[in-house]
J.: 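Provided herewith is a single structure, encoded as structure tokens, for subsequent inquiry.
Atoms within a ligand are numbered from 1 in the order they appear, just like the ligands themselves.
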Amino acid sequence: MAQINPSILSADFARLAEEAKAVEGADWLHVDVMDNHFVPNLTLGVPIVESLSRATKTPLDCHLMIEDPDRWAPRYVEAGAGSVTFHAEAAAAPVRLAREIRAKGARASMALKPATPIEPYEDLLPELDMLLIMTVEPGFGGQAFLDIMLSKIRRTRELISKHGLELWLQVDGGVSAATIERCAEAGADVFVAGSAVYGAADPAEAVRALRAQADGATASAAWACGH
Ligand code: DX5
Ligand code: ZN
């Protein structure tokens, strides 16, 4: 079944516990960490992740848009994240880092900006629990979905099948009722949605509707035959 991860970047930061509760049916809560260096925006860090992990039963999916993830990513596992995503463009030693995240007890995930191809990372995929394909330039919520990323999603799904991996394939950026089916059809199975969930009148209903759409599109997708 498709997983839907609402992004709290589009929530009210003064009411994070309530905003987490508003999407309790979600699979994970997506937490965007930005340092104003790797991306031109600044959000939150370890202390807020620590508090949020105590305030919600929904597991935290931390997306680190920061420099020096080799130093910081393990701290987010200690802070309570169930999944930690570092960027391929920022990691000095991605294999060592993924192993460290797993050894500390979280799922290890790596993200690719739109201009970063998947092919150089084919041999690393077994080290990861999830691969995140950015479908906007990272930094801000509410941007338009980049259709040109669909072929990278397809190629990544082919690599996952070719190697028989249990790797989750996440998409993040501009995912909405208008775009989620194309993502699912291309091979994504974990969907981050910020404005499409928190901008909706009923965020919990938006999660259910997005999941139903993704499941419908996956059921008729060639890549999912036999799953
Ligand atoms: C953008 C973040 C996303 C963002 C998505 O850099 O990584 O997680 O919150 O927001 P929407 O779904 O509004 O594009
Ligand atoms: Zn994100």
J.: Kindly give the atom name of the N, O or S atom of D172 closest to the Zn ion (ligand 2).
T.: OD2
J.: Identify which of G194, S176, G199, S195 has a heavy atom lying nearest to atom 13 (O) of ligand 1.
T.: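 Shortest heavy-atom distance from atom 13 (O) of ligand 1: S195.
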J.: Output the list of atoms in ligand 1 that are nearer than 4.0 Å to some heavy atom of G173, sorted by atom number.
T.: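 Answer for ligand 1: 14 (O).
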J.: Measuring from atom CD1 of I8 to atom OH of Y198, what distance do you get when rounded to the nearest 0.5 angstrom?
T.: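 Those atoms lie 7.0 Å apart.
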J.: Who's the nearest protein heavy-atom neighbour of atom 1 (C) of ligand 1, and how far?
T.: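 Of the protein heavy atoms, F140 O, 3.5 Å lies nearest.
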J.: State the atoms of ligand 1, each with its element, that fall below the 4.0 Å cut-off from a heavy-atom position in H30.
T.: 8 (O)
J.: Restricting to N/O/S, name the atom of D32 that gets closest to the Zn ion (ligand 2).
T.: OD1
J.: Who gets closest to atom 11 (P) of ligand 1 by heavy atom: P138, G142, G139?
T.: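 Considering heavy atoms of P138, G142, G139, the nearest to atom 11 (P) of ligand 1 sits in G142.
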J.: Would you check if there is a donor-acceptor pair between the side chains of D61 and Q170 at a distance under 3.5 Å?
T.: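 Side-chain D/A pair, Q170 to D61: present.
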J.: Of the protein's non-hydrogen atoms, which lies at the shortest distance from atom 5 (C) of ligand 1, and what is that distance?
T.: D172 OD1, 3.5 Å
J.: May I ask you to identify the nearest protein heavy atom to atom 14 (O) of ligand 1, giving residue, atom name and distance to one decimal place in Å?
T.: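 Protein heavy atom with the smallest distance to atom 14 (O) of ligand 1: G174 N, 2.8 Å.
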J.: More than 12 foreign heavy atoms under 6.0 Å from CZ of R96: is that the case here?
T.: no
J.: For H63, what is the atom name of its N, O or S atom nearest to the Zn ion (ligand 2)?
T.: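 Relative to the Zn ion (ligand 2), the closest nitrogen, oxygen or sulfur of H63 carries the name ND1.
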J.: Does the pair R75/E50 count as a salt bridge with the N-to-O cut at 4.0 Å?
T.: no
J.: For L60 and V31, work out which heavy atoms get closest and say how close.
T.: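 Between these two residues, the closest heavy atoms are CD2-CG2, 4.3 Å.
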J.: Checking a contact table here: which protein heavy atom is nearest atom 9 (O) of ligand 1, and how many Å away?
T.: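 For this ligand atom, the closest protein heavy atom is S7 OG, 2.8 Å.
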J.: May I ask you to list the atoms of ligand 1 that are less than 4.0 angstrom from any heavy atom of H63?
T.: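 Within the 4.0 Å cut-off of H63, ligand 1 contributes 7 (O).
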J.: What protein heavy atom lies closest to atom 10 (O) of ligand 1? Include the residue and the distance to one decimal.
T.: G141 CA, 3.5 Å
J.: May I ask you to list the atoms of ligand 1 that are less than 4.0 angstrom from any heavy atom of A193?
T.: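 Within the 4.0 Å cut-off of A193, ligand 1 contributes 12 (O).
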J.: If you draw a 6.0 Å radius around CD in E166, do more than 12 non-hydrogen atoms from other residues or ligands fall strictly inside?
T.: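 Result for CD/E166: open.
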J.: For ligand 1, which atoms sit closer than 4.0 Å to a heavy atom of M65?
T.: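 Those of ligand 1 that fall under 4.0 Å from M65 are 6 (O), 7 (O).
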J.: In plain terms, say whether E185 and R182 are close enough for a salt bridge, that is, a side-chain N and a carboxylate O under 4.0 Å apart.
T.: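 R182 and E185: not salt-bridged.
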J.: Please name the pair of heavy atoms, one in V207 and one in A26, separated by the smallest distance, quoted to 0.1 Å.
T.: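 Closest pair (atom of V207, atom of A26, distance): CG1-CA, 4.1 Å.
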J.: V192 heavy atoms, cut-off 4.0 Å: which ligand 1 atoms fall inside?
T.: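 The list of qualifying atoms is 8 (O).
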J.: Does the side chain of S7 pick up a donor-acceptor pair with the side chain of D32 at under 3.5 Å?
T.: yes
J.: Out of the N/O/S atoms in H30, what is the name of the one closest to the Zn ion (ligand 2)?
T.: NE2
J.: Should the heavy atoms of other residues, nucleotides or ligands under 6.0 Å from NZ of K21 be counted, would the total exceed 12?
T.: no
J.: Between D70 and A93, is there a donor-acceptor pair closer than 3.5 Å when you use the side chain of the first and the backbone of the second?
T.: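 Yes, because the side chain of D70 sits within donor-acceptor range (under 3.5 Å) of the backbone of A93.
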